[in-house]
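Every number for a ligand or one of its atoms is a count from 1 in the order of the listing.
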Amino acid sequence: MTFLSVYRSLYKHYGPQSWWPGDTPFEIMVGAVLTQNTAWINVEKAIAHLKHGRALSLNKIAAMPAAQLARLIKPAGYFNVKAKRLQNFCRWLQQQGGEKVIREWDDDELRRGLLSVNGVGFETADDMMLYAFDRPVFVIDAYTRRLFARLGLIDGDEAYETLRHLFESNLSRRIKTRAQQVQMYNEYHALIVIHAKDICRKRARCSECCLRRQCPAALQPENLS
Ligand code: SF4
């Protein structure tokens with residue numbers, strides 16, 4: 001079993017996922033901050049509140065009193081912290097000249113810039129890199145760690161950057177063009193999320209899993225605590 005064969009099996013089973021759910025790159029970036037430590041359904045509610053309050057814009061979020069923003073995004077949880085993070089991010093984006101300006105930056109400069117914002121960690125920055133800016137960056141999250149540790153391809157507790165490089169170096173050997181890498185990383189992360197949420201859950205549903213014939217953990221259910 002390889003990183004590429006897992007992708008092929010998941011894609012064959014679930015089909016294209018067409019992520020990220022969001023109407024504009026800015027909405028995707030807002031969603032990437034709001035989705036920290038919460039289910040996507042709660043993010044959808046928070047974004048709907050922002051839209052309903054005509055507040056889903058860079059300048060409005062940056063200028064709004066923090067308490068008002070916290071009220072609007074309340075469904076996303078940790079709303080005071082997230083309001084602060086969202087404002088940090090929007091003010092930083094304003095200072096750079098906006099989304100169109102940073103879209104022109106190269107991959108390293110853009111990722112470094114996003115990571116410089118207080119409250120934007122690796123996963124949030126890479127969600128933005130991949131889904132808002134179409135950059136070939138593989139997103140690592142807790143679902144990725146759980147699924148691939150069970151598949152025996154990683155330990156699961158490696159540093160974020162170690163895992164990102166591992167996925168990217170394995171996959172980019174076989175997927176040559178940048179556009180194909182972006183497309184594949186986009187689909188692959190979405191497929192990992194859907195599979196880990198529905199099947200390879202904390203309590204795994206191995207009998208329903210499309211990877212069960214190759215998965216070492218499926219044979220050792222005592223390992224799946
Ligand atoms: S067989 Fe079980 S442990 Fe392995 S990937 Fe599928 S659900 Fe997860």
Side-chain angles (χ1 to χ4, degrees), residues 1-22 28 31-32 34-44 76-78 121-131 134-176 179-225:
M1 177 167 279
T2 65
F3 292 100
L4 188 59
S5 70
V6 172
Y7 172 72
R8 287 183 173 147
S9 297
L10 292 176
Y11 190 86
K12 190 171 168 203
H13 186 76
Y14 294 103
Q17 299 301 302
S18 307
W19 268 27
W20 174 297
I28 291 170
L34 294 180
T35 200
Q36 296 168 350
N37 303 310
T38 196
W40 182 252
I41 189 153
N42 300 323
V43 177
E44 285 180 330
Y78 306 99
F122 287 126
E123 187 184 333
T124 304
D126 290 345
D127 279 339
M128 293 182 188
M129 290 285 288
L130 180 59
Y131 291 104
D134 300 318
R135 305 303 174 101
V137 173
F138 201 93
V139 178
I140 305 295
D141 65 359
Y143 289 143
T144 311
R145 290 177 186 277
R146 181 170 76 208
L147 175 59
F148 286 86
R150 287 173 174 176
L151 292 172
L153 290 170
I154 64 172
D155 291 336
D157 58 1
E158 296 92 333
Y160 184 98
E161 291 292 68
T162 303
L163 287 181
R164 182 174 70 84
H165 288 304
L166 181 68
F167 277 83
E168 289 175 4
S169 61
N170 267 277
L171 295 170
S172 64
R173 275 205 295 272
R174 306 292 299 276
I175 310 294
K176 294 285 182 235
Q180 286 172 331
Q181 285 169 12
V182 170
Q183 173 66 21
M184 186 215 229
Y185 297 171
N186 177 320
E187 286 294 347
Y188 205 162
H189 179 60
L191 289 164
I192 290 167
V193 171
I194 187 174
H195 189 65
K197 253 168 62 178
D198 293 347
I199 303 294
C200 196
R201 301 150 66 118
K202 204 164 181 194
R203 187 178 286 267
R205 293 159 60 180
C206 299
S207 63
E208 301 166 55
C209 179
C210 60
L211 305 171
R212 68 186 177 281
R213 291 189 206 291
Q214 299 102 319
C215 178
L219 308 173
Q220 304 166 35
E222 69 278 9
N223 291 344
L224 300 175
S225 57

Residue [X] vicinity, atoms of ligand 1 by number, heavy atom under 4.0 Å:
X      : answer
Arg212 : 1 (S)
Cys206 : 1 (S), 2 (Fe), 3 (S), 7 (S)
Ala218 : 1 (S)
Leu147 : 5 (S)

Practice task
Could you tell me whether any N, O or S atom belonging to His195 is less than 2.8 Å from atom 8 (Fe) of ligand 1?
Solution key: no

Looking at side-chain heavy atoms only, is the closest gap between [X] and [Y] below 4.5 Å?
X      : Y      : answer
Leu4   : Met184 : yes
Thr2   : Asn170 : no
Ile140 : Phe167 : yes
Ile194 : Gln17  : yes

Exercise for the section: Please assess Val193 against Trp40 for the test side chain to side chain contact (heavy atoms under 4.5 Å, CB included), listing each intermediate value before the final yes or no. Expected result: CA-CA 11 Å; Val193 171; Trp40 182 252; over 6 Å; no

Problem - Cys215 near atom 4 (Fe) of ligand 1 via N/O/S, less than 2.8 Å - result: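 Yes, Cys215 qualifies, because one of its backbone or side-chain N, O or S atoms lies under 2.8 Å.
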
Practice task
Look at Cys209 and state whether any of its N, O or S atoms is less than 2.8 Å from atom 6 (Fe) of ligand 1.
Solution key: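 Here the distance criterion (N, O or S atom, under 2.8 Å) is met by Cys209, so yes.
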
Practice task
Would you check if the distance from the ring center of His195 to the ring center of Tyr14 is below 6.0 Å?
Solution key: yes

